[in-house]
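What follows is one structure encoded as structure tokens, with my remarks underneath.
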Amino acid sequence: MGGAGKCRILIFGGTGYIGKHMVKASILLGHPTYVYSRPCTPHTSPSKLDLLHDFQSMGVTLVHGELEEKEKLVGLIGQVDVVISALPFPQVIDQLKIIDAIKVAGNIKRFLPSDFGCEEDRVNPLPPFQQFLEKKRKIRRAIEEAGIPYTFVSANCFASYFVNYLLHPHQTHLDSIHVYGSGQANAVLNYEEDIGIYTIKVANDPRTHNRIVTYRPPKNIVSQLELISLWEKKTGRSFKRIHIPDEEIIKLSETLPNPQNVQISILHSLFVKGDLMNFEVGDDDDIIEASKLYPDFKYTSIGQLLDIFLVDPPKPVVAAF
Ligand SMILES: NC(=O)c1ccc[n+]([C@@H]2O[C@H](COP(=O)([O-])OP(=O)(O)OC[C@H]3O[C@@H](n4cnc5c(N)ncnc54)[C@H](OP(=O)(O)O)[C@@H]3O)[C@@H](O)[C@H]2O)c1
């Protein structure tokens, strides 16, 4: 895989919420990095144009195209070693086009599909989230069936995204916080920049060939109640906890329209059931934990992440999970 571990990495969805951190990490770790991005139009946002410009200054090779352009895809894939997809949820099934192109090109040493959430083969959530995950599972099965070398990544919660969602740090006059269920179930919140670094490391690691990697660093395992207490300590503020009972959340998952029914089912899985922590990670299993693979990498703990929010809070975004 390339000389001295410097494989060539192609990223789909590289201009996205999580994809941009993967692109930056790939460059930081010295990989020749390619981004496949849809063509710019007069409607392309200034922030995306700025990002594309930054990528070019960093030495990223940008290739503009659509997923439907099979010959272009096959040609590009033929020039790289590793393919990572960080496409958004609505484009999950479109990854079959990438799989087809990888099959034709026949040279790819590793493909990471756009998982980057919970360990989808090890959870059994409420029906709206189950249907959502079924599409991601379909892609995993297609990769296995095609015999494409893979790593499946369970990145757990994108930390800034969920800190914004759970704690509303931008609302300085807030005096109460919603707690889903008892608030005692453990979740895992990983800083987006670290997810970028871990992803590039696992994409280029012989130990993760045809295995699942979960990002579960010990200092990032936290319950909602612990997160709120920690935020109170950091800010000197205090918040009333307003619990939304389990039954009410289940009812909402049955009555809310799409996509809110999916969102509430995700919250139920992550924060009420504690699905991110509902399985053991053993050394000889097909699933490995990232911080054990890279003990020297100084990941951002929850405490450090909240310090970042105190100084320069990452802006809330609407992510489509
Ligand atoms: N664990 C978590 O907490 C969490 C949270 C959110 C999302 N996720 C997961 O993370 C993954 C990436 O999600 P994201 O929110 O980062 O994605 P995103 O920012 O919504 O989109 C990523 C990129 O995909 C490309 N794209 C968008 N629409 C497209 C279309 N119609 N056709 C082709 N390309 C299109 C765009 O790049 P170009 O314009 O450059 O083509 C966009 O910048 C998904 O699997 C999602 O489920 C996980």
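We count ligands from 1, going down the list as the structure has it; atoms in each ligand are counted the same way.
Taking 4.0 Å as the cut-off between side-chain N and carboxylate O, Glu134 and Arg137 count as a salt-bridged pair. Note on Glu119 versus Arg211: no salt bridge recorded, every NZ/NE/NH1/NH2 to OD/OE distance being 4.0 Å or above. Between Asp121 and Arg140 there is a salt bridge, with a side-chain nitrogen of the basic residue lying less than 4.0 Å from a carboxylate oxygen of the acidic one. Look at Asp81 and Lys109 and you find a salt bridge, because one of the NZ, NE, NH1 or NH2 atoms lies within 4.0 Å of a carboxylate O, short of that distance. Contact check on Lys292 versus Glu289 returns no salt bridge, with no Lys/Arg side-chain nitrogen under 4.0 Å from an Asp/Glu carboxylate oxygen. A salt bridge between Glu68 and Lys97 is present, with a side-chain N of the basic residue lying under 4.0 Å from a carboxylate O of the acidic one.
Ligand 1 has Phe116 within reach: a non-hydrogen atom of the residue lies less than 4.0 Å from it. Heavy atoms of Lys48 approach ligand 1 to within less than 4.0 angstrom. Distances shorter than 4.0 angstrom occur between a heavy atom of Phe162 and an atom of ligand 1. Contact annotation: Asp115 has at least one heavy atom less than 4.0 Å from an atom of ligand 1. Close to ligand 1: Asn156, with a non-hydrogen atom less than 4.0 angstrom away. For the pair Ala155 and ligand 1, no heavy-atom separation below 4.0 Å is found. Assignment of Lys136 to the shell around ligand 1 is supported, since a heavy atom sits closer than 4.0 Å.
In summary, the atoms of ligand 1 found under 4.0 Å from a heavy atom of Ser37, numbered by their order in the structure, are 38 (P), 40 (O), 41 (O). Close approach of ligand 1 to Cys157 is summarised as follows: ligand atoms under 4.0 Å from at least one heavy atom of the residue are 3 (O). Near Gly117, with a cut-off below 4.0 Å to any heavy atom, the atoms of ligand 1 are 1 (N). Distances below 4.0 Å separate heavy atoms of Leu87 from the following atoms of ligand 1: 11 (C), 12 (C), 24 (O), 34 (N), 44 (C), 45 (O). Ligand 1 places these atoms under 4.0 Å from at least one heavy atom of Thr15: 36 (C), 37 (O), 38 (P), 39 (O), 40 (O), 42 (C), 43 (O).
Judged by the 6.0 Å and 45° rule, Arg122 forms no cation-pi pair with Phe152.
The environment of NZ in Lys234 is crowded: more than 12 heavy-atom neighbours from other residues, nucleotides or ligands sit within 6.0 Å.
Taking each of Tyr161, Tyr165, Tyr17, Phe158 in turn, the one with a heavy atom nearest to atom 10 (O) of ligand 1 proves to be Phe158.
With a heavy-atom cut-off of 4.0 Å, Ser114 touches ligand 1 through backbone and side chain alike. With a heavy-atom cut-off of 4.0 Å, Gln91 touches ligand 1 through its side chain alone.
For the residue pair Val82 and Ala203, the shortest heavy atom distance occurs at CG2-O, 3.6 Å.
Residue Gly19 has no nitrogen or oxygen atom sitting less than 3.5 Å from a nitrogen or oxygen atom of ligand 1, judged on distance alone.
The closest side-chain donor-acceptor pair between Ser238 and Glu232, if any, does not fall under 3.5 angstrom.
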